[in-house]
Amino acid sequence: MRDISTSVPKTDHWEKTAGTAKYVADLAPEGALHALTFRSPIPHGEIRSLVLPDLPEGYASVDARDIPGKNGVHIIQDDMPVFAERTLRYVGEPILLLVGPDKTVLKRLLSAIRLETVPLEPVFDDRRADVWHHYVKGDPDQAFARAKRIIEYEYQTGLQEQAYLEPQGMIAIPEGDKMTLIGSIQCPYYVKNAVVPVLGCTSDKVRVIQPPVGGAFGGKEEFPSLIACQAAVAARKTKRPVRLIYERPEDIEVTTKRHPARIRLRAAIGEGNVVEAIASDIRLDGGAYLGLSNVVLSRSMIATTGAYTVPNVSCSGEVYVTNTVPTGAFRGFGAPQIFFAVEMFFQHLAKDLGEDPLAFKLRHLAKQGDLTATSGTFRDPILVPKMVKRALEMSDYQNKTRRYSGESPYRGLGLSLFFHGCGFTGSGEATIIKAEVQLRKNADDTVDVLIAAVDMGQGAKTTLAKIVAHTLDLPLDRVRFPYPDTDVVPDSGPTVASRTVMIVGGLLEKAAQKLKARWVSGVAVQLTERYQPPEWIKWDEKAFRGDAYPAYSWGVDVVEVSVDPRTYQVKIEGTWSVYDVGKGIDERILEGQADGGMTQGLAYGYMENMEIKQGVLRQRNLTDYIIPTACDCGPYAVEWVENPFVYGPMGAKGAGELTLIGAAPAVAAAIENAIGRRIRKIPATPESLLELIEYGKR
Amino acid sequence: MVEHRIPENLNEALKLLYHGDYQVMAGGTDLMVQRRSLSDTPLDFPKNMVYCAHLQELRGIRKEAHRVEIGAMTPLEDLLCHPDVPSLVRRAIGEMASPAIRHVATLGGNIANASPAGDTLPVLYLLDAWAELRSLAGSRMILIRDLITGPRALKIHPEEMLTKIGIPEMHFSHETFVKVGGRQADAISKVSLAAAADIVEGKVSDLRIAFGAVAPTVVRDETLEGAWEGATLSELKVGVWRLLDMYVPLIRPIDDQRSGKHYRHQVALNLLRDFIESLSEPTSEPGR
């Protein structure tokens, strides 16, 4: 049998390259109305009066009063309303929809709405904490009391926009008392479970269909639930299909982004320059509504000692609420922030202690059997030392580092060590998701994969079908993975958290093994497989204690940069990465994840800059919000080590987020070494480098 | 309702301009973005439009004695590889936008858009390039630096069209164009510098300096440049700080969503300093 890692053409390759794939914006059901959104112009205030222009025949406005059920979007916290009623909490908050047949008329009507507001004092800083957690490992107080030296720094990370190719879009189609939603989404059942309480109907009355999705990166995890609820309410009111399709500027202005973070880290240094304890304070900006910020915070907090073992930990975290656009899911989900902080912190500790950063990091690296920051156990082998060795060889790290070590050589290398916990944080898989998959064997001996996992470009359609075909020993074209439709497929959980291959794929592998045992040619059969957590997983949600994840993927990044001494522009000269994702399900798809994650992660570290001034985004389109083009990518070298995880399909763990996480700290460290100034804030833009060169710490 | 006209020739286009209130569209790579509207709906043009990019009379590159003439509607990509187009112009175009945009965008459009960050402008100012403005009544020539009066503001009559750009032939021993954008390609300039010098027998015989994106229009000051004429190369190099000081009051950038005042100011000076420091006695003088 062929090694599963051997690449095959993606099963949706043809429809996407030929342009025949129909995305949500390509769909126009008979009689569909367009919808445009009227939004808050102020960051905080109350509506005093709102006067609509006379609406022509066939046009309608839709607001909170039209909601048959509850005016709240079910995410994790349900604090975000479908439509604002009286209080406005951020610039761009939706107040109402105008729907009608002609977009030009809608646009004119929209500009004729007269809104009077009573402004309230907006909050843009971290004074309004809304979620707070704290946990302890060992005895941090004693460790700090005994410390030889205490070192403390603060780190900051900025907003990041997902910048998926396809903007958000949703179509709601009413048929009798049934509501069908077709949208660019990651999580069909999230959308369904959000729309049901808003329409106040039973679960069987809402159906969600996923067409091809043009990228998501977390941006289509929870946000689509909001526009699905709005479109559904509008379709219910008008009894017509309603298309709520965003274009780029609107998408950038009002959809969720990566949480900005302020992270304070304090280390107790003991004999032999050993980090005996870390005390951390992690603050994430949740924007106007919490949504799933709580879970993002958890992931940050759990990784507060990064890839290192520190015997004593005191970690507190909070999400603060501001009058700005809500932040939410984004590839990495809290990990990129904390890994930037911890990786830079370890580099800075080493420099302060007069040690070589790499040796210092390796001395503290977690080993199999060590306790995690939350006192769980790293059960599986950790191959990072071997991976580091390989990354150093590939990049010629030692020689180059020596060569660039002169005063401000404007060229430097940076290295990062990192992991990503695969699957939902804590006991989420067992208590919240409870994933279920089905395989249907047809009489013609083909097999249908019935799951709610979404291919958003990451290749899930191919990899999951491949796992089933491989297990059943069938050619790939005998296994079909149709686009998910909640009336047909069970809830296999959201397409998030690097869980798709490991958890959903793992369930499919089990189901396929059972199907193989019962295989009778020419006979149709359907079977279901449900998630059972490994019995060793123990997680105490309240105490933040135990095994936060069933498995960890690991990575090592080396990044080389040059900095232009005249313009402070950074050029990526090369990157070298070694990853452990258990077992690769498809090499080419993994390479895609590696190159994309590296590009997005590097840009997070030095290029992508988004600022909010008095609640208003300053970069509102892709002219001003700069993301990398091919010209900005250096040569990327990638290698994989095999480290099969017993519960993953064929040994696979998560891969989608891992590849982003180490890039920002590696590029920041490289820039730091190139300019001879400490970097504690990303993005390290040329503007900020100029400031560092003028005033920064060496 | 605005009117959209596609004339068959230049004369027809000029007639439209003479009799009505029209906005000329060249490649449209700026206008289409500025007047962007919702998908599947007409663009948001406030006035009648006349589309001219296809007019053959306005396309092409012609070498004349001591100058090259470029039709206003010539796509940038055509200029990029043309041997008669001055190397500085080609260098600026090579840094502009993306290949797809360069195939549509025109030299005339880049001038008429009069953006403070227009990338061909510093080079055209530096080369004393002129524009031909034509109307039914005839034509006149104007230096591009006199044509542009501010951001998106031109000294052009409503019945006139920018039809041709003339670039005098010049010789420099050293020249540079540096564009500083948010990424390596396809970005709007935060700051740019076009600079050229002719060093003859150890002396400055010509020095030209033009900055983009640091003031409402391109910054070029011939008096400052002239002050160095006849200076020796080493006098110029030793005097680089004095030279930079002279430009300090002229570089008046803004803070915006793409960059900051301080950065633009400092980088503009760094680029000029780097250019001056890179000057050397030409080893040979081919073609003189």
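What you see below is based on every heavy atom in this structure, not just the backbone, and it leaves out hydrogens, waters and symmetry mates. Below, chain A is the first sequence line, B the second, and so on; all start at residue 1.
Each of B/R264, B/Q266, B/K190 was evaluated against A/E687; a single residue qualifies, B/K190, per the side chain to side chain donor-acceptor pair (under 3.5 Å) test.
When side chains are defined from C-beta on, B/S37 counts as touching A/K107, because their heavy atoms get closer than 4.5 Å. Side-chain contact between B/Y263 and A/T567: present, with at least one pair of heavy atoms (C-beta onward) separated by less than 4.5 Å. For the pair A/L36/B/L38, a side-chain contact is recorded, criterion being any heavy-atom separation below 4.5 Å from C-beta on.
Between the CG atom of B/D256 and the CG atom of A/D624 there is a distance of 7.5 Å, given to the nearest 0.5 Å. Atom CG in A/L690 sits 8.0 Å away from atom CG in B/N270 (nearest 0.5 Å).
Within the 3.5 Å criterion, the main-chain N or O of A/P628 finds no donor-acceptor partner in the side chain of B/Q184. Side chain of B/R183 to main chain of A/T629: no donor-acceptor pair is present (N/O by atom type, distance under 3.5 Å, no hydrogens or angles). Not a single donor-acceptor pair under 3.5 Å links the side chain of A/Q619 to the backbone N or O of B/R258.
The number of heavy-atom neighbours closer than 6.0 Å to CD of A/E694, taken from other residues, nucleotides and ligands shown, is above 12. Few gaps surround NZ on B/K237; more than 12 heavy atoms of other groups in view lie less than 6.0 Å from it. Within a 6.0 Å radius of CD1 in B/I6, no more than 12 heavy atoms belonging to other residues, nucleotides or ligands are found.
One side chain, B/S39 or A/K103, offers a donor N or O that lies under 3.5 Å from an acceptor on the other.
Nearest approach of A/Q569 to B/G181, heavy atoms of both residues: NE2-O, 3.0 Å. Across all their heavy atoms, B/G182 and A/I626 have their closest contact at O-CG2, 3.5 Å.
Interface remark: A/K613 contributes no atoms to any contact with chain B (heavy atom separation under 4.5 Å). Using a 4.5 Å cut-off between heavy atoms, B/V33 does not touch chain A at all. Looking at A/P565, only its backbone comes within 4.5 Å of chain B, counting heavy atoms on both sides. There is no contact between A/I693 and chain B, counting heavy-atom distances below 4.5 Å.
Counting heavy-atom pairs under 4.5 Å between each of B/H262, B/R273, B/Q257 and chain A puts B/Q257 at the top.
A/R566 and B/D274 are joined by a salt bridge, as a carboxylate oxygen and a charged side-chain nitrogen come within less than 4.0 angstrom of each other.
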